[in-house]
Number of protein chains: 2
Amino acid sequence: MTLPQNITVPNLSGERFRVRYHLTGTEDEARANADHLRNEQTVEFPTNLLPEGDLSERIMGQVEDFAPVADGVFSVTISYAVETAGAELPQLMNVVFSNGSFMSGVRVERLELPDSLLSGFRGPRFGIEGLRERLRVPDRPLLCTPIKPMGLSPERLADMAYRLALGGMDLIKDDHGITNLPFCPFEERVERCAEAVARANRETGFQCLYAANVTAPAHLMLERAIFARHAGAGALLISPAITGFDAARQLADDDRLDLPIVAHPAGSGNFVSGSEARYSLYVYYGQLHRLAGADAVVYMNYGGRFPISEQDCLDAKGGCRDAMGHFKTIFPAPGGGMTLGRIPELREFYGDEVVFVIGGDLHQHSADLTTNVREFLKLME
Amino acid sequence: MTLPQNITVPNLSGERFRVRYHLTGTEDEARANADHLRNEQTVEFPTNLLPEGDLSERIMGQVEDFAPVADGVFSVTISYAVETAGAELPQLMNVVFSNGSFMSGVRVERLELPDSLLSGFRGPRFGIEGLRERLRVPDRPLLCTPIKPMGLSPERLADMAYRLALGGMDLIKDDHGITNLPFCPFEERVERCAEAVARANRETGFQCLYAANVTAPAHLMLERAIFARHAGAGALLISPAITGFDAARQLADDDRLDLPIVAHPAGSGNFVSGSEARYSLYVYYGQLHRLAGADAVVYMNYGGRFPISEQDCLDAKGGCRDAMGHFKTIFPAPGGGMTLGRIPELREFYGDEVVFVIGGDLHQHSADLTTNVREFLKLME
């Protein structure tokens with residue numbers, strides 16, 4: 001024993017947050033894994049060497065609930081002292097699921113975060129209501145499309161943005177792979193696209209927003225976002241699975257920007273896709289993205305070109321739109337193989353508080369992009 | 001067709017980088033997935049609408065090689081124009097594997113990056129040789145241990161660091177879950193621990209390095225690293241799966257810091273663990289961490305408390321130590337259930353260019369930490 005006995009940890013409020021995990025296996029395995037997990041995510045220390053008192057009873061996670069939910073699947077709720085997460089998003093993510101990601105059959109299902117923890121985060125700056133206000137679209141589903149493909153010049157992308165905005169597109173975003181490329185430099189593209197969308201808005205009277213892709217090296221992200229703001233971009237696009245969630249949070253929190261954040265799921269299949277997926281879409285696209293300040297979260301829709309289930313999509317929707325302390329509700333933004341023909345079905349499925357992300361099918365429909373947007377919009381009425 | 005025909009993309013050098021993927025399924029499925037992948041990772045556009053010329057032939061990924069490697073597993077090499085990745089790490093990761101992470105049965109096996117792409121990155125500042133120089137340990141395996149458990153005060157952690165350094169520990173790192181906590185504030189801890197290790201070094205004549213955990217909110221990471229540098233920390237600890245890889249790269253590149261980077265695998269099980277793992281350990285802990293400037297990479301060892309295979313560990317070792325353009329070789333740092341008894345076997349397995357990360361067993365061995373370190377070190381001679 002290398003530690004003194006009965007260590008008291010100061011500054012513990014007694015408040016705890018809870019994480020509901022699903023553990024796969026026999027009941028004995030699940031109980032052993034729950035015990036491993038509550039240690040691994042906090043003290044990460046041999047239990048036999050851990051002093052009694054605060055370290056064992058308050059700092060180490062505590063199993064609050066254990067119940068079967070399906071054959072060979074157990075729902076386990078572990079509580080953690082709010083102080084273990086500080087008010088820092090990377091540390092919260094660290095306590096929720098860090099070394100646990102190496103265990104077999106563990107999935108993060110839900111976060112239950114008390115107000116005392118949530119109050120350390122601003123959350124989404126705009127949310128559903130704020131984004132609707134900026135767009136002046138009070139109630140129908142929103143339409144969003146990327147400008148692409150990679151390889152087009154800033155001039156051609158701006159021309160495409162103009163034609164899309166003229167048709168009444170709500171949100172026009174850089175494709176997630178179009179960042180700062182030798183054949184499409186960030187600054188030139190953002191200036192041209194923002195100008196093109198502003199020109200279309202003057203003609204239509206609409207308030208289409210152009211979301212500039214600021215997924216960038218860590219030391220340039222804020223700089224590019226500020227550039228985009230000054231160039232007239234109306235929103236920012238970021239891929240949190242690549243930049244880290246806190247990079248999005250930093251942009252959402254910055255008063256100099258004051259721009260809606262659209263999150264792209266590039267790379268997030270590592271977390272949510274497949275039978276071994278380690279996060280529910282509720283936590284990943286809903287709760288974590290709201291902590292990171294996103295106002296709309298793009299994810300892969302069911303029935304598109306990726307294997308995602310209807311239940312997963314309901315989960316994503318719930319994570320975005322269910323109550324979460326003082327946080328605003330945000331837009332689920334399903335995409336990844338959306339077609340004109342599916343809009344009525346999907347409107348039924350999602351309701352109207354949704355952003356439909358339309359890519360290829362908008363180009364398939366006819367050679368006239370502006371007309372195509374109008375066709376899509378008719379289905380939103 | 002909404003795009004003009006035969007678009008020429010300027011500024012393409014003709015240089016390409018290659019990614020070797022493993023695709024699981026029948027040959028027909030694998031061929032279809034390869035075709036999907038080369039599109040999805042670049043243009044992400046319906047192939048029938050893609051103009052002939054540069055967009056189809058140079059910007060879209062090209063399948064260079066397709067071969068069976070096992071029953072139902074195919075090795076597929078796709079090449080991409082180096083310009084699609086710019087010289088930005090987030091964008092390189094984006095082209096290597098973004099939406100592809102949602103496809104079933106796709107795993108990133110190897111990156112083949114030409115010098116023209118690698119030259120855009122500094123890579124590890126110290127590497128094996130540089131870290132050995134700082135430690136003045138020319139040839140044996142290095143020993144590393146975390147100070148923990150979470151819940152200890154800065155004073156107690158500093159006392160632990162002192163006793164460890166006195167025994168001859170090479171690298172002492174904050175545990176990955178010990179960041180900036182109400183009961184263990186970053187600044188007080190780093191000052192005390194750096195001082196304690198310096199004091200021990202004066203007594204022993206060794207050059208033990210203390211690695212301060214700078215895994216932090218995006219806007220505070222650099223600030224904390226600079227604080228740690230001034231407080232006398234000898235290295236920085238960061239968890240790239242949580243902060244994003246480019247946050248590590250930013251710290252490695254900063255001349256004001258000039259400190260070795262130790263990477264921790266918190267959260268990386270999402271990428272490398274399980275039968276559906278989407279990255280080989282070669283790419284993830286080796287190639288990506290070297291692009292991110294890490295000098296030593298902690299990962300879970302085989303035979304410890306997580307399900308990792310010997311082959312995976314050989315893979316991680318190879319990714320750290322194989323030639324990679326102008327990049328320095330770096331230390332594989334296996335941990336996660338290391339014991340005194342296993343050191344001879346693991347030394348055989350890894351050779352001497354390795355950091356052994358010892359946690360719990362160092363505390364199990366006897367109540368005298370300083371003696372325990374000496375016992376471990378004897379096995380390194």
Side-chain angles (χ1 to χ4, degrees), chain A residues 1-2 9-11 42-46 49 54-55 59 83-84 86 88-91 93-95 97-99 101-102 104 148-151 175-177 179-183 215-219 242-244 246-247 250 266-267 269-271 273-274 276 278 300 306-307 360 363-364 367 369, chain B residues 1-2 9-11 42-46 49 54-55 59 83-84 86 88-91 93-95 97-99 101-102 104 148-151 175-177 179-183 215-219 242-244 246-247 250 266-267 269-271 273-274 276 278 300 306-307 360 363-364 367 369:
Chain A
M1 180 67 74
T2 60
V9 179
N11 304 326
T42 51
V43 289
E44 204 198 330
F45 207 73
L49 299 184
D54 282 353
L55 263 59
I59 296 295
E83 290 78 12
T84 61
E88 300 187 350
L89 184 53
Q91 177 63 6
M93 294 180 72
N94 200 33
V95 174
F97 204 51
S98 50
N99 285 357
S101 66
F102 290 93
S104 297
K148 60 180 179 183
M150 182 195 275
D175 201 24
H176 70 278
T179 51
N180 179 42
L181 305 165
F183 47 81
T215 303
H219 68 297
I242 288 178
T243 62
D246 205 70
Q250 179 180 15
N270 299 301
F271 300 87
S273 183
E276 293 175 357
R278 288 168 177 82
M300 302 306 179
F306 299 102
H363 296 265
Q364 296 277 19
L369 270 180
Chain B
M1 179 67 75
T2 60
V9 178
N11 304 326
T42 51
V43 289
E44 205 198 329
F45 207 74
L49 298 184
D54 283 354
L55 263 59
I59 297 295
E83 290 79 11
T84 61
E88 301 187 350
L89 184 52
Q91 176 64 5
M93 295 180 72
N94 200 33
V95 174
F97 204 51
S98 49
N99 285 358
S101 66
F102 289 93
S104 297
K148 61 180 179 183
M150 182 197 274
D175 200 25
H176 71 278
T179 51
N180 179 43
L181 304 165
F183 47 79
T215 303
H219 68 297
I242 288 177
T243 62
D246 205 70
Q250 179 181 15
N270 298 301
F271 299 88
S273 184
E276 293 174 355
R278 288 168 177 83
M300 302 307 178
F306 299 103
H363 297 264
Q364 296 277 20
L369 270 180

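Residue numbers start from 1 in every chain, and the chains themselves are labelled A, B, ... in the order their sequence lines are given, proteins ahead of strands.
Chain B forms the most heavy-atom pairs under 4.5 Å with one residue out of A:Pro10, A:Gly177, A:Ser104, and that residue is A:Gly177. Ranked by heavy-atom pairs shorter than 4.5 Å toward chain B, the options A:Leu89, A:Ile59, A:Thr243, A:Leu55 are led by A:Ile59. In terms of heavy-atom pairs under 4.5 Å with chain A, the best-connected choice from B:Gly269, B:Pro90, B:Gly274 is B:Gly269. Of the listed residues (A:Asp54, A:Thr179, A:Val95), the one with the most heavy-atom contacts under 4.5 Å to chain B is A:Thr179. Your options are B:Ala247, B:Ala216, B:Gly267, and the one with the most heavy-atom pairs under 4.5 Å with chain A is B:Gly267. In terms of heavy-atom pairs under 4.5 Å with chain A, the best-connected choice from B:Asn94, B:Val9, B:Asn11 is B:Asn94. Residue with the most contacts toward chain B among A:Gly86, A:Pro182, A:Gly360: A:Pro182 (heavy-atom pairs, distance under 4.5 Å). For chain A, the option among B:Pro217, B:Gly151, B:Pro46 with the highest count of heavy-atom pairs below 4.5 Å is B:Pro217.
Side-chain contact between B:Arg278 and A:Ser273 is present, with heavy atoms from C-beta onward closer than 4.5 Å. The shortest distance between side-chain heavy atoms of A:His363 and A:Leu369 falls below 4.5 Å. In this structure, A:Met150 and B:Phe45 have side chains that are not in contact, with every pair of non-hydrogen atoms separated by 4.5 Å or more. Under the 4.5 Å side-chain criterion, counting only non-hydrogen atoms from C-beta, B:Glu88 is not in contact with A:Thr215. A 4.5 Å side-chain heavy-atom check between B:Leu181 and A:Gln91 finds at least one atom pair inside the cut-off.
Heavy-atom distances place both the backbone and the side chain of B:Glu83 under 4.5 Å from chain A. Using a 4.5 Å cut-off between heavy atoms, A:Glu44 touches chain B through backbone and side chain atoms alike. For A:Ile242, the parts sitting under 4.5 Å from any heavy atom of chain B are the backbone and the side chain alike.
Taking NZ of A:Lys148 as the reference point, atom OG1 of B:Thr42 lies at 10.5 Å (rounded to 0.5 Å).
Smallest separation of non-hydrogen atoms from B:Phe306 and A:Asn99: CE2-O, 3.5 Å.
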